[in-house]
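Here the structure is a predicted model, which is why all the values come from computation and not from measurement.
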Amino acid sequence: MSRILIFGGTRFAGKRVATDLATRHDVLCVSRNEIEIPGARRLVAQREEGFARLAGEKFDLVLDFIAFSGADLAQCRALGARYIAISTS
């Protein structure tokens, strides 16, 4: 079972991905929304607060549905062995 961190996985495509992954992996969703994802743990926080609270943790995979800049990407890379940025813009 892999440890997977998802930023912004509570709406649209992120919610579907998080729900599916949570059936087979240890999933933590960081979002400012208080939306339940069946089988996933949730950390309700703004992006920067989420990074601060997760400092020192490591994940097998980090999925980011809300990256806005290169700095956002660098912060996520520090948390996981693999990193995937998903954006509509």
Taking the ring centre of each residue, are F7 and Y83 less than 6.0 Å apart? no
Given the rule in the side chain to side chain contact (heavy atoms under 4.5 Å, CB included) test, do I37 and K15 qualify, once you have shown the distances and angles that lead to the verdict? CA-CA 7 Å; I37 302 295; K15 184 175 183 178; 3.6 Å; yes
Run the side chain to side chain contact (heavy atoms under 4.5 Å, CB included) check on I84 and R82 step by step: do they pass? CA-CA 7 Å; I84 300 172; R82 292 186 178 141; 5.9 Å; no
Shortest non-hydrogen contact between V30 and A45, atoms and distance: CG1-O, 4.3 Å
CD of Q46 to OG of S31, rounded to nearest 0.5 Å, is 9.0 Å
Please determine whether residues V17 and F12 belong to a single hydrophobic cluster, defined as Ile, Leu, Val, Met, Phe, Trp and Tyr linked transitively by side-chain heavy-atom distances below 4.5 Å. no
Closest non-hydrogen atoms of R24 and M1, given as atom of the first, atom of the second and distance, are O-CG, 3.7 Å
Whether T23 side chain and D20 backbone form a donor-acceptor pair below 3.5 Å: yes
At their closest point, which heavy atom of A40 faces which heavy atom of A22, and how far apart are they? N-CB, 3.9 Å
Shortest non-hydrogen separation from R47 to D64 and the atoms involved: NH2-OD2, 2.5 Å
Identify whether I66 and L43 are in the same connected component of the hydrophobic contact network (ILVMFWY, side-chain heavy atoms under 4.5 Å). yes
Here the gap from L28 atom CG to R41 atom CZ, rounded to the nearest 0.5 Å, amounts to 4.5 Å
Which value, rounded to the nearest 0.5 Å, describes the distance between D26 atom CG and L5 atom CG? 10.5 Å
Closest approach of L54 to L79 (non-hydrogen atoms, all atoms of both residues): O-CD2, 3.6 Å
Nearest-0.5 Å distance, NZ of residue K58 to CZ of residue R3: 11.0 Å
Would a distance-only check, ignoring hydrogens and angles, find a side-chain to backbone donor-acceptor pair under 3.5 Å from S2 to I4? no
